[in-house]
Amino acid sequence: GCANGYSVLRATKGLETMVVGVDLNIEAIKSSGNNLVLGERTNIKFLGGNIENLPLSDESFDFVIMKRVLGNLPSKNSQERALGEASRVLSSGGYLYILDGVTESLDILSKMRQEYNLPLLTQPNHTYLPSESEIIQMTKGTFELESIRNPTSTYYYITRFIYPLI
């Protein structure tokens with residue numbers, strides 16, 4: 001979800017088009033309004049809602065961005081429902097961008113941690129982190145895959161490797 005809206009504001013800076021952020025956490029949505037005031041943006045709105053049942057009309061968006069969403073859902077079934085909702089709200093020819101951790105990124109970071117005698121990383125108990133191949137399989141037939149990039153983001157590198165060394 002969009003959480004407090006900070007990433008939405010940063011990612012859409014300079015855009016004039018209408019932007020909608022959705023998050024299940026109502027408290028985060030409330031603080032997103034404060035960020036809008038700080039950002040002086042009138043083309044963004046934030047809604048409380050579940051990614052598996054979005055409070056949005058069919059084919060109402062040209063772009064859907066899921067940033068650290070899939071990996072925070074509790075199961076593969078939840079992820080599939082979320083992707084189905086993304087497909088539903090996307091206009092024909094629309095684009096879905098998924099920016100998320102995958103099991104391969106845990107493997108990369110665990111190897112790095114092992115070299116410094118840090119404990120290996122494991123899947124969190126409350127979420128289900130998919131693999132790249134699972135994301136490909138879940139999107140097959142619904143979305144056309146354009147590219148996959150290095151799944152180990154700066155966020156995961158700093159929080160899972162650098163920070164424990166400090």
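Here the structure is a predicted model, which means the values were calculated and not measured.
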**OP:** Following the transitive rule for hydrophobic clusters with a side-chain heavy-atom cut-off under 4.5 Å over Ile, Leu, Val, Met, Phe, Trp and Tyr, establish whether I108 and L99 coincide in one cluster.
**Re:** no
Subject >> Minimum side-chain heavy-atom gap V64-M66 below 4.5 Å >> reply: yes
Original post:
Can you tell me if N4 uses its side chain to pair, donor with acceptor, with the backbone of A28 under 3.5 Å?
Top reply: no
Subject >> Heavy-atom donor-acceptor pair, S87 side chain to L83 backbone, under 3.5 Å >> reply: no
Subject >> E80: salt bridge (charged side-chain N to carboxylate O under 4.0 Å, His left out) partners, not counting sequence neighbours >> reply: none
Subject >> Nearest atoms (heavy-atom pairs only) where F143 meets L90 >> reply: CE2-CD1, 3.6 Å
Original post:
Okay, side chain of R113, backbone of P119: is any donor-acceptor separation there less than 3.5 Å?
Top reply: yes
Original post:
Taking atom types as modelled, is there a side-chain donor on S75 or S78 under 3.5 Å from an acceptor on the other?
Top reply: yes
**OP:** Just do the side-chain contact (heavy atoms from CB on, under 4.5 Å) check on V22 and L56 with the steps written out, would you?
**Re:** CA-CA 10 Å; V22 180; L56 304 166; 4.2 Å; yes
Original post:
Roughly how far, to the nearest 0.5 Å, is the CG atom of L109 from the OG1 atom of T159?
Top reply: 8.0 Å
Original post:
Using 30° and 60° as the class limits, which term best fits the ring planes of Y97 and Y95: parallel, tilted or perpendicular?
Top reply: parallel
Original post:
Could you give the distance from CD1 (I135) to CD (E104), rounded to the nearest 0.5 Å?
Top reply: 8.5 Å
Subject >> Side-chain touch L120/Q114, heavy atoms, less than 4.5 angstrom >> reply: yes
Original post:
Which atoms form the tightest heavy-atom contact between M138 and P130, and what is the distance?
Top reply: CE-CB, 4.2 Å
Original post:
At their closest point, which heavy atom of C2 faces which heavy atom of V8, and how far apart are they?
Top reply: CB-CG2, 3.7 Å
Original post:
N25 and D23: which non-hydrogen atoms are nearest, and at how many Å?
Top reply: N-OD1, 2.8 Å
Original post:
For the atom pair CD (E115) and CZ (F161), what is the distance rounded to the nearest 0.5 Å?
Top reply: 7.0 Å
Original post:
Are I51 and V69 close enough that some pair of their side-chain heavy atoms sits under 4.5 Å apart?
Top reply: yes
Subject >> Donor-acceptor pair between S91 and D62 side chains, under 3.5 angstrom >> reply: yes
Subject >> Polar side-chain atom of D100 near backbone of K67 as donor-acceptor pair, under 3.5 Å >> reply: no
Subject >> Side chain to side chain, R160 and L121, heavy atoms closer than 4.5 Å >> reply: yes
Subject >> From OH (Y157) to CD1 (I162), nearest 0.5 Å >> reply: 3.5 Å
**OP:** Using a strict cut-off of less than 4.0 Å between a Lys/Arg side-chain nitrogen and an Asp/Glu carboxylate oxygen, indicate whether R88 and D58 qualify as a salt bridge.
**Re:** yes
Original post:
According to a 4.5 Å side-chain heavy-atom criterion applied to Ile, Leu, Val, Met, Phe, Trp and Tyr, with indirect links allowed, do Y163 and L165 form part of one hydrophobic cluster?
Top reply: no
Subject >> Approximate separation, where rounding is to 0.5 Å, of F61 CZ and T17 OG1 >> reply: 9.5 Å
Original post:
Among E134, Q79, K76, which one satisfies side chain to side chain donor-acceptor pair (under 3.5 Å) with Y128?
Top reply: E134
Original post:
Just by distance, do the side chain of S105 and the backbone of G101 share a donor-acceptor pair under 3.5 Å?
Top reply: no
Subject >> L70 to A82 - nearest heavy-atom pair and separation >> reply: CD2-CB, 4.4 Å
Original post:
With no hydrogens and no angle check, is any side-chain donor or acceptor of S131 less than 3.5 Å from a backbone partner on T103?
Top reply: no
Original post:
Any side-chain heavy atom of L96 within less than 4.5 Å of one from I65?
Top reply: no
**OP:** Using modelled atom types only, decide if a donor and an acceptor are shared between the side chain of E85 and the backbone of L54 within a distance under 3.5 Å.
**Re:** yes
**OP:** Grab the two heavy atoms, one from L118 and one from P164, that are nearest each other, plus how far apart they are.
**Re:** CD1-CB, 4.1 Å
Original post:
Nearest 0.5 Å, what's the CG-CG distance between L15 and N43?
Top reply: 7.5 Å
